[in-house]
Amino acid sequence: MEKILEHQVPFPVGAESDSFTAALASALVIARGYTEETPCWCTSKRRRCIHCSPCGAHPLERHQESVYHCLLTASTLAFGFDYPWDDTVNPHSLPGFSGGWRWEKSFVDALARFAGFSYRRFDAISAREEVLFATKSSLDNGFPTLLRLKDEMKWLLAVGYDAETVYVLDSQLHPLPDNGCFMLRDAIVITGSRVPDMSCKELLERIASALSYEGHTALEETIIEALDRVTEENAMDTAGMLCGINGVPVEARWHAAEAFCSDENLLSNICTDKEIRSRLSDIFWTRYTKDGNDETHGIGWKIWGALGVGPGTGYAITPQSADLILQKQTQQTLKRLFAKMFENDRAVCAEIRACLKRLS
């Protein structure tokens, strides 16, 4: 017997740094029945796609990105300065994530309620035959399975099988080695669709809690203190720390803005109050993505520039970064830029709390 699911979207698509969220987004494109004919929403043009540019030639990728925007936002991962699976960071800048975190049950449960899917989960001690049976049964019903194998941080998507082989998707479709399930760390078998049951109020409360978390606010002072104590001995480490802190919000806040600025996505299906959606769309766009407005996305690029980081360095620091951060002018520039980034988060949080009063 053979079963290969259609409408596959290799991942990551564009600026997607979180392997789990990218895999789940591609899984939900299939599970929710998106096709090339399903209309796409274009946030930049504020209308459905009319194929006015090359991006319109890849509708399934646009759907996958839309789902990714919403999942990263609903999970609150869009509002931190690190990803909770990164064990080099302690403490994390988001509530509910402790050291050694690995996609806890409560985290997946919340996403399942938000996006509307049911699932079974297996771990490293699960019987190989049981995992394969559950995976193939769900594939027969049109639902993929998320797998985490030998590479602890990387997720794959099982999208098909034949008599001998399971086929998995990441950046391309390829067969899973026969002994792959013996290296299983984690499997999330999507078993069906269900009605989403996360309310707009709960969603906004989760985001407000993340943006006002003490670990989030304390980080601003940590950055200032680090810049006040730069020496030749610690300059490289300090530059690396600030580059790492900057890397998440410059990308993740953009995903959050895309989620709130769309009129047709998983998030807009939950936040149906037109006034609230308009207010949140305005604040997320203004504070996170509006060009030339000291928005977080642009601020992040300026921080990279101050550290001598960019596409040419692979967004990683170089010895020049240490030389730059030793300069007082660079230190003052970085303090000002990070302060604006935190100010943007506070403004977004304040508007969310104002909208929550309307929902009370």
Side-chain angles (χ1 to χ4, degrees), residues 1-12 18-34 60 63-64 67-68 70-72 74-75 77 85 101-198 266:
M1 184 174 179
E2 178 179 271
K3 179 72 174 184
I4 303 293
L5 299 182
E6 297 180 339
H7 309 304
Q8 299 173 17
V9 183
F11 58 90
D18 181 30
S19 177
F20 172 83
T21 307
L24 182 56
S26 287
L28 291 178
V29 167
I30 298 171
R32 294 177 61 83
Y34 292 109
L60 285 179
H63 288 305
Q64 194 268 6
V67 175
Y68 185 95
C70 294
L71 293 175
L72 206 71
S75 68
L77 296 182
W85 39 257
W101 179 89
R102 292 294 182 268
W103 300 274
E104 307 298 326
K105 182 179 185 300
S106 59
F107 175 84
V108 181
D109 282 349
L111 286 179
R113 291 195 300 108
F114 169 75
F117 65 91
S118 57
Y119 72 95
R120 291 181 64 191
R121 193 162 187 178
F122 299 90
D123 59 21
I125 63 173
S126 301
R128 175 180 184 270
E129 293 76 13
E130 185 181 10
V131 177
L132 283 174
F133 180 80
T135 297
K136 290 180 178 180
S137 295
S138 282
L139 287 168
D140 288 338
N141 291 321
F143 299 105
T145 290
L146 281 75
L147 298 171
R148 188 162 62 97
L149 305 177
K150 186 176 182 180
D151 185 341
E152 185 177 3
M153 302 305 174
K154 181 179 179 180
W155 288 82
L156 303 169
L157 195 61
V159 293
Y161 70 91
D162 59 24
E164 302 295 333
T165 306
V166 173
Y167 293 93
V168 294
L169 185 70
D170 45 25
S171 61
Q172 60 184 346
L173 181 68
H174 55 93
L176 186 68
D178 183 58
N179 65 346
C181 283
F182 287 114
M183 300 182 293
L184 178 74
R185 293 178 181 271
D186 207 342
I188 296 174
V189 182
I190 297 177
T191 57
S193 299
R194 68 182 196 185
V195 176
D197 65 359
M198 181 180 288
L266 295 177

For I190, run the side-chain contact (heavy atoms from CB on, under 4.5 Å) check against T145, L24, I30 and tell me which one passes. L24
Is any side-chain heavy atom of E152 less than 4.5 Å from a side-chain heavy atom of R185? yes
Residues K154 and D170 bridged, charged N to O under 4.0 Å: yes
State, with a plain yes or no, whether a side-chain heavy atom of Y167 is found less than 4.5 Å away from one of P175. yes
Assign the ring pair F20 / F107 to parallel, tilted or perpendicular, where the plane angle (0 to 90°) is split at 30° and 60°. tilted
Donor-acceptor side-chain pairing of D109 and S106 below 3.5 angstrom: no
Which residues satisfy the ring pair (Phe, Tyr, Trp, His ring centres under 6.0 Å) test with F11, sequence neighbours excluded? none
With side chains defined as the heavy atoms from C-beta onward, is the minimum distance between L147 and D186 less than 4.5 Å? no
With sequence neighbours left out, the residues meeting side-chain hydrogen bond (donor to acceptor under 3.5 Å, both in side chains) with E104 are none
Are L173 and P10 close enough that some pair of their side-chain heavy atoms sits under 4.5 Å apart? no
Are L28 and L71 close enough, and set up right, to give a side chain to side chain contact (heavy atoms under 4.5 Å, CB included), and what steps lead you there? CA-CA 10 Å; L28 291 178; L71 293 175; 4.2 Å; yes
Taking every heavy atom of W85 against every heavy atom of R102, the minimum-distance pair comes out as O-NH1, 3.5 Å
4.5 Å side-chain heavy-atom contact, C70 and F114: yes
Pairing residues for K150 by the side-chain hydrogen bond (donor to acceptor under 3.5 Å, both in side chains) criterion, not counting sequence neighbours: none
For D151, which residues count as a side-chain hydrogen bond (donor to acceptor under 3.5 Å, both in side chains) partner, sequence neighbours excluded? none
Ring pair (Phe, Tyr, Trp, His ring centres under 6.0 Å) with Y34: which residues, sequence neighbours excluded? H63
Can you sort out the partners of T21 under side-chain hydrogen bond (donor to acceptor under 3.5 Å, both in side chains), two or more places apart, ordered by chain and number? D18
